[in-house]
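What follows is a single structure, written as structure tokens, with notes after it.
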Amino acid sequence: MPPTLASLVQHPALKLTVRAGADRLDTPVRWAHASELADPVPYMDGGELLLVTATNLDARNAESMRRYVRRLAGAGVAGVGFAVGVNYDEVPAALVDAAEEAGLPLLEVPRRTPFIAISKAVSAAIAADQYRAVTAGFEAQRELTKAALAGDGPTGLLTRLAAHIDGWAALYDASGAVVAAAPDWAARRAARLTPDVGRLRERTAPASVVVGDSEDRVELQSLGTGRRSRGALAVGTGAALGTAERYAVHSAVALLTLTTARSRSLQSAEQRLGAAVLRMLLAGQPDHARAVAGDLYGGLLDAPFRLLIAEASAPTGPDLLTETMQAAAARSGEALLLVPEAERVVVLAADGGAAVAACAAYAETQDGRAPREGGGGEDTEVVVGLSAPSGPIAVSAAYKQAEQALSVARRRGRALVEHEELAAGSVLPLLADDAVRAFADGMLRALYEHDAKGRGDLVASLRAWLSRHGQWDAAAADLGVHRHTLRYRMRRVEEILGRSLDDPDVRMELWLALKATTAPAPAEH
């Protein structure tokens, strides 16, 4: 620890005597400085032991000393060393009283003790303290490095770090979730800082921020060297970090950053292997795919899985989604096959697993940001199509399902659409597409123009006739007209459109056109 007034008083060679402020001798001394100025405050930085002989001071004037001492105390001066036997044979009572009143320590310096001896003692103590801090920092670095290489994950490193800083430490992954903490109770405290970690991620790495209060000071450090952090380290202490503790934290950040970079290199290799497995599955070669997958992806192919395709609608969209899914899979011990494809990514994930759930939660967050007409969010970063549960022999079908769901998600402005929604729902919402409506308007325009001139209600008659599957009596009853009137109207429809209502394809197109012109906009999600 740095030198204090008490350590200087106890120094046998200095022979200092306390004249005031005996209860404040634990004050750290940052430097020793001699000054005979009547007002040295403009040249003080705080924490100094001011050494004076009172050459330019009226040290017996009570009011003058009161002002002088108040100025020194207000500037954060650690204490005053008054040399006797130079201008004054003893420390003036006015100065002693002023120091007691202001709570400023006052030390008597005997004539045989030169000021330079005090300065050297302070300098030596500061140098020794810095040496101890550096030595402790290097020792911490060695211990942390040994823990990082032990192969038991980040927990061992965090345990050593927490001991060195006399506090707690926690590691967050790229999604902001707590990966490990030491001691164990710190995990709950660290989880409450997730919003702060999220804000830290928005800053270019490396970055740091201090949160909490004076009793629980928490420093967050980003991990990674790219434009976005790949995780964060939190350290909680009861006070600001000292030099040795700072060395330990910086060493931990460096080691965890290296570990993260190494992990990303392994992920890149895994992705290349995953791409080969996916190509084999799409080519209808599940046995070859299993052989290549080995232990890495073999377990994923042994149970139902989902295939999803995520497409970027913002620069960081796929990265954030895949990092979220990877973090969820890692925490639950699931295998995750992830293959980037230009502006999108293809993923195989366990059906009902944590990765698929994380994807759904991420998409729900995106949809909930800023609803717009059509149900999507203006700030949606990705659009995702999710297949139905599948197996190795049906990956081609699952890929097609995900493509179809992705197309619908893109058209509806939603972050995620599952293929099962399309299979279980109605085709009518799909008719809200602008291209379909344009087709319907063009097909029925002549009939609407005919009706607009007051020549009959051909559109309503056509709708009634089609809804009754061509049953003349039932349709005529719905319209409240004679069946011969309805027959005449249907002949007029054929004449105007130039198409036969006996053709089932024509009837189908007309019915879809009628539904498209009245189809509601997609519901909000």
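What you see is a predicted model; the values in this text were computed from it and never measured. All residue numbers in this chain count up from 1 along the given sequence. Because only heavy atoms are used, hydrogens play no part in the values below, and waters and symmetry mates are left out as well, while side chains stay in.
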**Report entry** Within residues 15-25 or reaching into it, pairs that qualify as side-chain hydrogen bond (donor to acceptor under 3.5 Å, both in side chains) - sequence neighbours excluded
**Finding:** R19-E108

Report task. Not counting sequence neighbours, list each pair that qualifies as a side-chain hydrogen bond (donor to acceptor under 3.5 Å, both in side chains) and has a residue in residues 37-49. Result -> R30-D45, D39-R71

Report task. Kindly check if the number of other-residue, nucleotide or ligand heavy atoms within 6.0 Å of CG (N56) is above 12? Result -> yes

Report task. Just do the side chain to side chain contact (heavy atoms under 4.5 Å, CB included) check on V197 and L220 with the steps written out, would you? Result -> CA-CA 7 Å; V197 175; L220 298 175; 4.3 Å; yes

Query raised in the report: Can you check whether D302 reaches R290 side chain to side chain, under 4.5 Å on heavy atoms?
Result: yes

Requested in this report: Specify the closest pair of heavy atoms between A38 and Y68, including all atoms of both residues, with the distance to one decimal.
Outcome: O-CD1, 3.4 Å

Query raised in the report: Any side-chain heavy atom of V80 sitting closer than 4.5 Å to one from L107?
Result: no

Query raised in the report: Less than 4.5 Å apart, any side-chain heavy atom of L337 and any of V347?
Result: no

Query raised in the report: Is the closest side-chain heavy-atom distance between Q326 and E334 below 4.5 Å?
Result: no

Report summary line: Residue set satisfying side-chain contact (heavy atoms from CB on, under 4.5 Å) with P340, at least two apart, ordered chain then number -> Q271, L338

Report task. First locate atom OG1 of T4, then atom CD of Q10, and finally report the distance between them rounded to the nearest 0.5 Å. Result -> 7.0 Å

Query - Closest non-hydrogen atom pair between P154 and A180, with its separation - result: CG-CB, 4.1 Å

Report task. Please name the pair of heavy atoms, one in V52 and one in S35, separated by the smallest distance, quoted to 0.1 Å. Result -> CG1-O, 3.2 Å

Report task. Ignoring hydrogens and angles, tell me if any N or O in the side chain of S332 forms a donor-acceptor pair with the backbone of A328 under 3.5 Å. Result -> yes

Query raised in the report: How long is the gap from CD1 on I126 to CH2 on W31, to the nearest 0.5 Å?
Result: 5.5 Å

Query raised in the report: Of the non-hydrogen atoms in T113 and A13, which two are nearest, and what is the gap between them?
Result: OG1-O, 4.3 Å

Query - Test side-chain contact (heavy atoms from CB on, under 4.5 Å) applied to D58 - qualifying residues, sequence neighbours left out - result: R60, N61

Requested in this report: State, with a plain yes or no, whether a side-chain heavy atom of L106 is found less than 4.5 Å away from one of F82.
Outcome: yes

Query raised in the report: Between the main-chain N or O of T155 and the side-chain N or O of T159, is there a donor-acceptor pair closer than 3.5 Å?
Result: yes

**Report entry** Residue pair L16 / H11, side-chain heavy-atom distance below 4.5 Å
**Finding:** no

Query raised in the report: Which is it for V218 and V210 under the side chain to side chain contact (heavy atoms under 4.5 Å, CB included) test, yes or no, and what are the steps along the way?
Result: CA-CA 6 Å; V218 181; V210 176; over 6 Å; no

Query raised in the report: Taking the side chain as C-beta and beyond, is there a heavy-atom pair between P389 and R306 under 4.5 Å?
Result: yes

Query raised in the report: If every non-hydrogen atom of L104 is compared with every non-hydrogen atom of V77, which pair is closest and at what distance?
Result: CD1-O, 3.4 Å

Query raised in the report: Got V84 and V109 here, is their nearest side-chain heavy-atom distance under 4.5 Å?
Result: no

Report task. Using the side chain to side chain contact (heavy atoms under 4.5 Å, CB included) rule, take Y399 and I309 through it: C-alpha gap first, then chi angles, then the decisive distance, then the call. Result -> CA-CA 8 Å; Y399 192 96; I309 302 175; 4.0 Å; yes

Query raised in the report: Salt-bridged, R414 to E364, with N to O below 4.0 Å?
Result: no

Query raised in the report: Between Y362 and V382, is there a donor-acceptor pair closer than 3.5 Å when you use the side chain of the first and the backbone of the second?
Result: no

**Report entry** Which residues share a side-chain contact (heavy atoms from CB on, under 4.5 Å) with A360, sequence neighbours left out
**Finding:** L416

Report summary line: Rounded to the nearest 0.5 angstrom, the CG-CG distance for L386 and L406 is 11.0 Å

Report task. Would you please test S64 and L57 for side chain to side chain contact (heavy atoms under 4.5 Å, CB included) and show each step? Result -> CA-CA 8 Å; S64 177; L57 295 176; 5.8 Å; no

Report task. Can you measure from CZ (R142) to OG (S251) and round to the nearest 0.5 angstrom? Result -> 10.5 Å

Query raised in the report: Just wondering, more than 12 heavy atoms not from D166 lying within 6.0 Å of its CG?
Result: no

Query raised in the report: Hey, what do you get for CG (L171) to CG (L223), rounding to the nearest 0.5 Å?
Result: 6.5 Å

Requested in this report: Grab the two heavy atoms, one from L5 and one from G79, that are nearest each other, plus how far apart they are.
Outcome: CD1-CA, 4.5 Å

Requested in this report: Measure the CG-CG distance between L336 and L300 for me, rounded to the nearest 0.5 Å.
Outcome: 7.5 Å

Query raised in the report: If you look only at pairs with a residue in residues 85-99, which of them pass as a side-chain hydrogen bond (donor to acceptor under 3.5 Å, both in side chains), with sequence neighbours excluded?
Result: T53-N87, T55-N87

